Each structure stands twice: as structure tokens, then as C-alpha cells.
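Just so it is clear, the structure is predicted and the values come from calculations on it, not from any experiment.
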Amino acid sequence: MLESCADPSGLEGLSWLLCYLTTGKHIAFYASFGTVALLLAITAPLALSFGFAGAAAARSRFLPVSLIGKTYTSIVRGVPDIAFFLFFVIALDQAFEFVRHKVKCPDWPDAIRQGNDFVVCDAAKLPLSSSPQWVHETYGFMLAVLTFAIVFGAFAANVLYGAMKAVPRAQIETAEAYGMSHAQAFWRILVPQMWVYALPGLGNLWMILIKATPLLFLLGVEDIVYWARELGGTKQARFTDFPHGNWLVYYFGALLVFYLFVTWGSEKVLARVMRRLSHGQATAGGEALRRAGA
Amino acid sequence: MNKLILTTAALALATGAALAESHGSVVRMGTEGAYAPWNYLDDNGDVAGFERDLGDELCKRAELTCQWVTNDWDSIIPNLVSGNYDTIIAGMSITDERDAVIDFTQPYTPPDPSCYLALSADVDVTSSMIAGQTSTIQAAFVAESGAMLVEFATPEETIGAVRAGEADAVLADCSYLEPIAAEGELVMLERKEMIGGGVGMGLRESDGELKAMFDAAIQSMKDDGSLNALIEKWEVASTF
Amino acid sequence: MSCTQTILDYGLRSIGIGERLLPRSDFTLCQQFTLIGSGMIWNVYFGLIALAAGFFLAIALALGKGSRHFVLRKLSEWFIFLFRGSPLFIQFFFAYFSFLALKGVSPVFNPFTSAWLGAAVVLFFNTSAYSAEIFHGALKSIPKGDLEAADAYGLAGWHRFRRVTFPTMLRLAWPGYTNEAIFLFHATTLVFFSGFPAWQQRGDALYYAKYFADKTFNPFVPYPILAMYFIMLTLSVIAVYGWIGRRLNRHLPQEARRHFRRLPRLAR
């Protein structure tokens, strides 16, 4: 907090605004934009690897594995993400604690489910109840990342599965004719070529992921929507140094601008990546690039 | 009688030390942080309000180290029972429904009546549109009373609805509405409803020891009058 | 109370027919299935209205975005960018806020603050923007030969659009459009969750699932029930759209048809 802000009651106009916008709460609000960015940065590759695993599983020639891959994608895709978020995090948390409990306290006398309560031994708690607050917050954040990755991994699996199928069959046949094994053909021929087919779908998925982040507060993470709601609500003079009316519109307006800006930037980057990937590919886009170059 | 209570208090305090060991000496206090004057976030983003003062004092008396956590109102009970924090101290009225799932300490405020806040004083609450926050005891009360119920996700929106003429009145805890009525514009109706019991701290049913400790601490605050002083300071309810 | 009785009492509860009060205690599985299912009426209603109306606006916007007319093009582009670029959650907030303000201007806007109209309008605009982007992409990828053939046949203007451009665009856009429909139905759960108030405890499936999760303090029963209903809804959407898609492509040779199904598209 700034020095001059110690007594805000006498402030007016710009200096009031400056002090108002630098309260601890506002700093937390600004920091939460970083939380969202971090979530996106970790979730995107994680969801992509879930999707890759799902798609590879769905393609498997071993029936049970292929069934698992297909069930994962179709069930998760069939459920609205909010419904998933509302119970999945608690389920995930309990599952982790259950496993730890079984490992760490094998001779615990009491039942884990006592009526409605879910009680594990102290050593199995995640995180330990003695851990500082930031550990709890990080753990909550990691759970949110995992939930997002599982949901969006299912969508990514669907896209990648389609992309793998779109790679011309002749390419694989040629590879096999050269004596490559199934795995070699998959890793050396199929995987490098599928990205150009997958990119439009993955790009769209990235846009959906960005727009799903306002649901982060459902997962117990104090995100930008949480803080915008908290800061924008009416504040009475009794409870704050900076009383104001209902300012939700301004705070949500700021969020709107933020999201539009991120979308705009993403569109630019995706267009550029698509140009790169199309280079030298046997697609309409690749053909256009070749002609332009010639 | 007093003597008996004091001995149970002493006993509770003695077990407290042992419990504190097993709990890793930190008790996590779960609150909502959006219900002034009960609990809210101050300008620095820390939990403040009546329950912050009360909780800190209770922890001091029970010789516990406490840590404050905020959680969304909707999932505040599921997160307690699955062990993400150890107590709920969030202006939660003691009701039979809730009591079936979690345990409550003895109430730390007497029952707070619910009030109506309206645009004009001549609203007939039995036949008009009443706003309430989803899944509160007030919303359930209006649904049963036969008036038209309009539910909003947050208390802020219920007030906004009355201002915008979407609803004729809002039903909520008097202590929450009083500071808003004090600003003028909206008026408090004469009629009050007695819904729900007092407000208590919620704990897991399997956490009997912790409940005994907080019960004893609340009793000691009732006995020396410090609880009434806190209630008066924050104007949350009538005193004991 | 038998389960049939529960279904009679609560089956249409979400639209105000049947028992006035929701169950307060001793919740049975049957009650949860019935009421959450009853709420699905709203999800299906919002989805159908928005899709039906959005289809036409989307085509207009897609044509506008591809238009040579500067103003038309910019207007369409901005509409699409605004609704595709912001979360629905925030769109609902601003919609409700502006409808409240408009209400003060003219009583014409009174019904807009109710979910049945206001939320339907937001979802309509939202899906129009997303579908328009899909249609626009399809318009751009119509094979040049098709259009040249149309010219050679002397087709022009409306005729060319009706007989060549439009059907080809639809065919190309169909896989992406199917995904958009799925997402739209999922998005309807946000209506009562964050945007619009629920009157007389009449809400959508998520509203009732939340009600039960809140009363029983156990999220592990109502939300999976909700998930099950939505998986069924999603499967029906896929079936219906698949059927239409096959009709759109029925003139193509087998091999080409299979190729259309393989197009990896995921829009939105």
C-alpha cells in the first residue's frame, strides 16, 4: 500500500482512485490474472497429452484399451463442464486421500466413511492440515488443473483421433512397405503429419478452454471472477475505507476486455502456426503456400 | 451449575493440548467471506467481521492455532465433511436438516429474526414477489409461505432486484439488511419472521473432541460477557 | 409415496404444473431422477429455440463476413468476435444488466428479464456467432470447381446460392455444426446458474441437481444423475444431426461420404 493511502477518508478524485486500486484486495485481483494464465499454460499441454493418450488408446487394436479410450472421450464430452466441476474435485481429492490412507495407515481402526464424514488418518491428509495456506492453495490449484485437463483431454482426444484418421492411408502403407514396424510407422509417419489436420480443431479447443476459465471459482480457486464479484459488490462505509455502490459492471467490463484481448491474440498466433505447419504439406493450404512462393 | 460447566471447560482445555498435537495444532476455520457484518474480506483481502473476532478469541481460549479459509457458500458443507477444513464459522443457522449431516456447537448468537427490505412500506409480503438467496432458510421459508419466490445466486443480487423493481421485497437476516436500510432508498418492513435457530459453528460429526473444546470456549465467553460485547460491537443479533 | 405418484407430481414441476412445493426431507432417488429430468425441459427448450433461430442469423452473419460491402463485413466480424471472444458467463451478466436498464425505458422489455426470453436471446446470439464462424469457414472452402460449374450452367444470384453455394456450405460445415449444437445444449446449464433468477423454484436440470446436492449435502448422487441425462441428450443430438448429415451427403459416392465423416472438426 502507498504511503499517502494511510488515511483514505480525506482523499478525492484521482488520488482516491489510485489508493483504491492498490488495496491488498486489488493486488490479489491482479495476481489472479496470473493464476488464470498459469492454469492455461499448465492445462493446455497436460490436456493435450491426455488427449493423445485417449486417441492412441481409441485406435488400439487391443479391444479393452480401445474401449477405455472411447468411453473416456464420449462420456466426458457428453457432460456439461459445470456439472463435472461441481462434484469432480471433491471426488478426486477423496480418491487421492483414500489411496494415501491405505498406504500410510494400513492398520487404522476406524472406518473412512463415518456417516457423511470422510475421515482419513492425519498423515494421509492432502495437504497435511499443518501445512501453510499456500500449500493448500497450490494443492487446490493442481486439482483444478487436473480436472480441466481431464475434461479438455477428452475433447482433444476426439480431435486427435480424427486427425490421425485424416492422414492419408497410403503414407502408412508406404512406411510399412519400407519395413517399419507398427509402432515405428505410428511415431515416425503418422504423428508428425497429423498436427496440420488437428490444428484447426485444437485451436478451437484452446478458445473454449480460455472461455471455460470463469468456472474456475467453482473449483475453489480464487480466480478473476471471484475477485471481480468480491470487489464489485456494494461496499458500506462500516466495512471498508473505500465505500462504493454496485460496481460489478466495471469489474465485469474489465474481464470482458481481458477475454476479448486474449482471444484476439490467440487468433493471431494460431493463424501464424497454421501457416508454418501447412508448409510442404499435401493440403489445400500447403498448395497455396507453394504457389505463392513460386 | 456454573461449577460443572467450569470443570467441563477445564477438561476440554486439557484434552485440547492432546488434540492439538494430533491435529498438527492447526485448526482450519472455513467461512464465506461475503456476508458483512458476520464475515467479509477487508481491504487487504483478509477475513474480518464478527466471526473473525469471535473465532480468534475462541481459538485463543481453547489454545488452538487457527487458520482462516474462505469457501463458496454452496459447497461449504461438502467441503467440511470431506475434510478440507475443520469448522464452519459462517453465520450458519442451526437447522434440523443441517444438523443431520454435521454437528453444531451451542449457538453463539440468539436466533436472529429475518427482515423484509422493500421499495415502499406498503408491500403485502404474503402476496407479492419476494427475492431470496438460493439455498438459504429464507428462500425455503418464502417458497412455503405461498408468496412468489425469486431466487438469486448472491445476496447482492437480491438487493439489486428490489432496487430494479424485479421483486417487491427481499427476505434476509435483519443484521445483513440493516446497514443497507440505513443508506435510505429502501425501507425495512415492520414484519419480521422467526426462522431457524441461533447461529453456531459447524463441525464434522466425527470430531467430537473439537466440538467439546469450542463448546466450552463459547460457554466461557458467554459467562464473562465478552460474547455479548462482541455481538453489540458488530450489531449482528440481540444479546444473550 | 410410490414412484409413479412422484412422477405425476413433479414430472412437469419445472414449468409450474403439479406439486407447488419441492420435497423438503426424505429425498428418494426417484424424486431426484424426476425433478432433474423435469428441469431438462428447460435445457431442451433453450437449446432448440437458440439453434432454430440461430441457424438463420448465422447464415446471414457468415455471408456478411464474406461480403464485399465494408460496413456489412465489419458489423458481422465484430458481432462474431464479441460473442465468440467472451465467456457466456459474462455475456449473461451483461445481458441481464442491460435488460434491467432497458426495462426502465419501455415496458416492452419487461419479459426480457425472465429467463424464458432473456436467456434465450443471449443463447441465440451466442450460437449464431459460433455457427457463423463455422459457416464462414465452410463458405471459404467450397471447391472452386463447383462455383465455376454453376457459372457454366448460367446460374447466378439467388439461384446459384440456393442450388450450389448453400448446400455445399452446409455439407462442409455439418461436422463442426454438430459439435456446436452439443456445446450449446451444455451451455444452457448456465442460465439459472449465474445469469437469470429462478421464479417459484422453477429451474433447469442443474438448478434441481444443485437443490438436491444442497439439501442432502451429497454431491455424488444428483450430479451423476444430471450427467446421465446430458449424455442421453448428447447422444440424441448426435443421432439427429448424423441423420441430417447423411441426408445432406446422400448423393455422394460411398467413399467420399466416409471422407466427410472423417473431417476432424471441432468448432467453438
Q: Tell me, for B:Ser75 versus chain A, whether the close heavy atoms (under 4.5 Å) come from the side chain, the backbone, both or neither.
A: neither
**Q.** Atom group of B:Ala100 that falls short of 4.5 Å from chain A, counting heavy atoms
**A.** backbone
**Q.** Side-chain ion pair, A:Arg238 and B:Glu178, N-O less than 4.0 Å
**A.** no
Q | Which of B:Gly160, B:Gly45, B:Pro37 touches chain A most, by non-hydrogen pairs under 4.5 Å | A | B:Pro37
Q. Quick one: are B:Asn84 and A:Tyr139 in side-chain contact, heavy atoms under 4.5 Å?
A. no
Q) Which of residues 81-94 of chain A get closer than 4.5 angstrom to chain B, counting heavy atoms alone? A) A:Ile90, A:Asp93, A:Gln94
Q: Among B:Glu157, B:Glu156, B:Arg163, find the one that has a side chain to side chain contact (heavy atoms under 4.5 Å, CB included) with A:Asn246.
A: B:Glu156
Q. Parallel under 30°, tilted from 30 to 60°, perpendicular over 60°: which one fits the rings of A:Phe239 and B:Tyr40?
A. tilted
Q: Nearest 0.5 Å please: distance from the NE2 atom of A:His136 over to the CZ atom of B:Arg28.
A: 3.5 Å
Q | Residue B:Ile180 versus chain A: region with a heavy atom under 4.5 Å | A | both
**Q.** Contact origin within A:Lys235 toward chain B - heavy atom pairs under 4.5 Å
**A.** neither
(Q) On a heavy-atom basis, which atom in A:Glu230 and which in B:Ala34 lie closest, and how many Å separate them? (A) OE1-CB, 4.4 Å
**Q.** Residue pair B:Ser82 / A:Phe118: nearest heavy atoms and the distance that separates them
**A.** CA-CB, 3.9 Å
Q.
Please output the residues of residues 34-46 of chain A in contact with chain B, using a heavy-atom cutoff of under 4.5 Å, in numerical order.
A. none
Extract all donor-acceptor atom pairs below 3.5 Å that involve side chains of residues 215-225 of chain A and protein atoms in other chains or at least two apart in sequence.
unit_1   : atom_1 : unit_2   : atom_2 : d
A:Glu222 : OE2    : B:Thr70  : OG1    : 2.8
A:Asp223 : OD1    : A:Val225 : N      : 3.4
A:Asp223 : OD1    : A:Tyr226 : N      : 3.1

Q) Closest heavy-atom contact between A:Thr240 and B:Asp43? A) OG1-OD1, 2.6 Å
Q. What part of B:Pro155 lies closer than 4.5 angstrom to a heavy atom of chain A: side chain, backbone, both or neither?
A. neither
Q. How long is the span from the CG atom in B:Asp42 to the NZ atom in A:Lys25, to the nearest 0.5 Å?
A. 7.0 Å
Q: Would you mind checking which part of B:Asn71 comes under 4.5 Å of any heavy atom in chain A, side chain (CB onward), backbone (N, CA, C, O), both or neither?
A: neither
Q) In terms of heavy-atom contacts, does OH of A:Tyr30 have more than 12 from other residues, nucleotides or ligands at under 6.0 Å? A) yes
Q) Using a heavy-atom distance cut-off of less than 4.5 Å, which residues of residues 165-173 of chain B contact chain A? A) none
